[in-house]
Amino acid sequence: MAITLSHCNYYHHHQHSLASRKVPTTTRFNDSKSKQDSTAASAVVNNNLKKSRTLQTSILRTHIDSGHLRDAISLFEKINHSDAYTWNLMIRGFVNNGFFWEAISFYRRMGSEGVPADNFTYPFVIKACGASFSLEEGEKVHGKLFKIGLDSDICVCNSLISMYCKLGFVQCAEKVFEEMLVKDLVSWNSLISGYVTVGDGRSSLARFLEMQMLGIKPDRFTMISSINACSIECLIRNGKEIHSQVVKCGFELDIMIQTSLLDMYSKCGRVDLAERLFHEISPRNVVAWNAMIGGYVLNSRPLDSLACLRKMKKDDNLNPDVITLINLLPSCAQLGAFLVGKSIHGYAIRKGFLPHIFLETALIDVYGAFGKPKLAEYIFDRMAEKGLVTWNSMIATFAQNGWNKEALKLFQELLNKPLIPDAITMASVVPAYSEVSSLREGKQIHGYISKSEHNKNSYILNSLVYMYAKCGELQTAREIFDEIPRRDVSSWNTIIMAYAIHGFGKESIELFSKMRDQSIEPNYNTFVSLLTSCSISGMVDEGWKFYNSMKTDYNIDCGIEHYGCILDLLGRAGDLDRAKSFIKTMPIAATARIWGSLLTASKNHRNIELAELVAEHIFRVEHDNTGCYVLLSNLYAEVGRWDDVERIKSLMEQRGLDKTVGCSIVETKYKTHRFINDDRSHIQTDMIYHVLGILLRKIEENRSTHCSITKFRPIDLKNKRSKCSDYHSVRLATCFGLISTKVGSPVVVRKNTRVCKDCHGAIKKISVITKREIIVGDSKVFHHFRDGNCSCRDYW
DNA sequence: CTAGGGTTAG
């Protein structure tokens, strides 16, 4: 294996696997290039075998400094290595090249060969312990330091401070720091940056102040760490102060400081200030570009982010590195630019960037965002090494793409691994519970979370809010939202979306202004929630208002989701021509979802020509889009083109596609009850049909008293679908809900496809007859039926 | 031959 820069980067993330593979150290550093070197080196060694040890060690040092570890090892074994100096060289070589376990093993071997480690050895060994997350070894080393009296060495103690912070034991680091008799600037810097590594920016800044109070002047290292402290805490005021301090002290030409400042501004949402700084940097390096690209991504400006790819080559003649690609992928996701994403993947392969755990995880995310869980799974299954974040991404990808069973299965698998699920894991599985398993199991997860350390975590509480909303319990969702201790922008996005999917558009907009009152800045997803709400509730004017303001007032680029909502709005207004031209003017490629929106609109307005045209577009992207076939065939049925209905039906059969079986579910305390159309499998079938019969008769009576007789349509005779619509799954489920739940409580039914017109009408009447609130959640919206009215105001 | 720094996945 060549020890090149890119490989070191790889090994940096793969130290665990490297150590666990137990490859003999000497065979691990083979490469063709260093074979030549080694031949040359052996010759040198043989010729100089009797020459002074100074020469031998200086050759060893040359190997180490040039990264030729294999040569270094073979030379090391040949020469006399009874002094600490030679060992220290080797250990330094390993540490500087990311071979932390090798460094530790050499340190152990050094002890067993009777060479005492000295004050130069320990800083390296301690660094290796921190970097390889080996707490056990680190503590052993610390204990040893007392015995040999090195526990007061300033360099050693400074290393200990960083090590403990890297391992997450800040208190230990603080203890070492406090007990130091003599501290220098590095001691302070180690602690200040240590707080940042554990995510405690506030303590970091407190120490930064404390240090200056004591009259110690910060240097560029102090500055960089404090700036990072500001960015992780979003403390832009403190960041600006440090910025001016930096300028005053004359640090301003330092590209690292400039890059941290740039990053701080973009993390605080001030991408404009980040940009200004970026333009001041000269010459710029890849890191600065990466930070800028990341800033654009973070601030929902994917177009600007992608534009950097050309600019960095054109302006500064720089090529993207792994991190550039990792930062670019989410902007592809934001834009729905599948082909760009794929080409980045291809570029990574050609450049030899893979395998790389961060990049692969980012690819899983982006394929997940593109709605390609299979591609994501392909990457996941073949990864050499997976971290918790990788698992989280895969679980989230499954869940977000409706592969809920897969998500839950993966979660179970994760529980059997040595990795411990974290807040993100919980937040990723909760939605899967809401979709597949039901409210009952969702409540279990809720109970589990309440008792866990995550019970105040807004990220998880957000996902519970959404879960309850998805399960039909908007009230519970609201209660949890109200109790989130620190509501972030996602909390608001979630509750706005919760009201959106229940069809309460007005409330969504009210929540948005409440959020603005609390000075929470809206982001990309805020507008996804808002526009979704407008489209579901048919608030056309408001929708356009938000669409325009997101660009002009908030400088947020439109993504595919926003375009989809606008299309829904246009479609709902029946403005099919405008919808068609809107797709053409979109700066990003239309997805099947986008075309689907137009297809629904053409179907609703019975425009067969357009529907056929749109269907062609969809099949070009997704030849197996079942929904498209079904919609088309329903449209043909509506206008009585039965030959075409048959044609589509046989086309689907040919391609092995099954129509999604519409099913409705009702949950009771112990069980989820499923119903399909004309279902007779339920244990209480007789009762259900009996009750439904009574209700249907009542509906008929009411209709003939104050309604005109239904129009006779010859189509109905031919349409097999309407023949048995009295026993559609929704009605069966509703009836079961009525007889199996407490009187006075709402009946909650959920359905995986849209609810049909007949059922919608019937349930309105049932809500009058039974005086019960009935909530029917279909694949798009929750209908709240009460006193003969529906919250959707009959548009869905 | 000595410790301390920037960009990265949810």
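Chain naming here is simple, since letters A, B, ... match the order of the sequence lines and numbering starts at 1 in each.
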Contact class for A:Asp184 vs. all strands (heavy atom < 4.0 Å): base, sugar-phosphate, or nothing? base
Ignoring the backbone of A:Asn88, work out which of B:dC1, B:dG4, B:dT8 is nearest its side chain. B:dC1
Could you tell me the separation between the CD atom of A:Gln400 and the P atom of B:dG10, rounded to a whole number of Å? 11 Å
Nucleotide nearest A:Tyr459 when distance is taken to its side chain, options B:dG10, B:dT8, B:dG4: B:dG10
Considering every strand and a 4.0 Å limit on heavy-atom distances, what is the contact class for A:Lys386: base, sugar-phosphate, or nothing? nothing
In terms of side-chain heavy atoms of A:Ile323, which of B:dT7, B:dG6, B:dC1 is nearest? B:dT7
Checking side-chain polar atoms at under 3.5 Å, does A:Asp118 have a donor or acceptor matched by the opposite partner on A:Thr121? yes
Between B:dT2 atom P and A:Asp153 atom CG, what is the distance in whole Å? 14 Å
Can you tell me which nucleotide in B:dA3, B:dG4, B:dA9 comes closest to the side chain of A:Cys155? B:dA3
Nearest-Å distance, CZ (A:Phe120) to P (B:dA3)? 10 Å
With a non-hydrogen cut-off below 4.0 angstrom, is A:Asp365 in contact with a base, only sugar-phosphate, or nothing? sugar-phosphate
A:Tyr195 OH to B:dG4 C1', straight-line distance once rounded to whole Å: 16 Å
Shortest side-chain distance from A:Ser193, nucleotide among B:dG4, B:dA3, B:dG6: B:dG4
Considering only side-chain heavy atoms of A:Tyr85, which listed nucleotide, B:dG4, B:dC1, B:dG10, is closest? B:dC1
Euclidean distance, atom CG of residue A:Leu89 to atom P of B:dT2 [Å, nearest integer]: 10 Å
Nearest to the side chain of A:Ile224, which nucleotide is it out of B:dG6, B:dC1, B:dA3? B:dG6
Do the side-chain N or O atoms of A:Asn228 get closer than 4.0 angstrom to the phosphate oxygens (OP1, OP2) of B:dT7? yes
If we count only N and O atoms by modelled type, under 3.5 Å, do the side chains of A:Tyr296 and A:Glu275 hold a donor and an acceptor together? yes
Salt-bridge criterion met for A:Asp304 and A:Lys311 (N-O under 4.0 Å): no
Just the rounded figure in Å: distance from P of B:dT8 to CD1 of A:Ile326. 10 Å
I want to check one thing: is the phosphate of B:dT8, taken as OP1 and OP2, less than 4.0 Å away from some side-chain N or O of A:Lys267? yes
Which nucleotide in B:dG4, B:dT8, B:dC1 has an atom nearest any side-chain atom of A:Arg61: B:dC1
Could you give the CG-to-P distance, from A:Asp254 to B:dT7, as a whole number of Å? 13 Å
Any donor-acceptor pair under 3.5 Å linking the side-chain atoms of A:Asp219 with those of A:Thr222? yes
Answer with base, sugar-phosphate or nothing: what part of the nucleic acid does A:Tyr122 contact at a heavy-atom distance below 4.0 Å? nothing
So, does A:Ser226 use its side chain to make a donor-acceptor pair with the main chain of A:Leu205 at under 3.5 Å? no
With a 4.0 Å cut-off on N to O distance, would you call A:Glu210 and A:Arg207 a salt bridge? yes
Give A:Ile154 one of three labels, base, sugar-phosphate or nothing, depending on what nucleic acid heavy atoms sit under 4.0 Å from its own. base
Please state how far atom CH2 in A:Trp87 lies from atom P in B:dT2, giving the value in whole angstrom units. 19 Å
Which nucleotide in B:dA9, B:dG6, B:dC1 has an atom nearest any side-chain atom of A:Val389: B:dA9
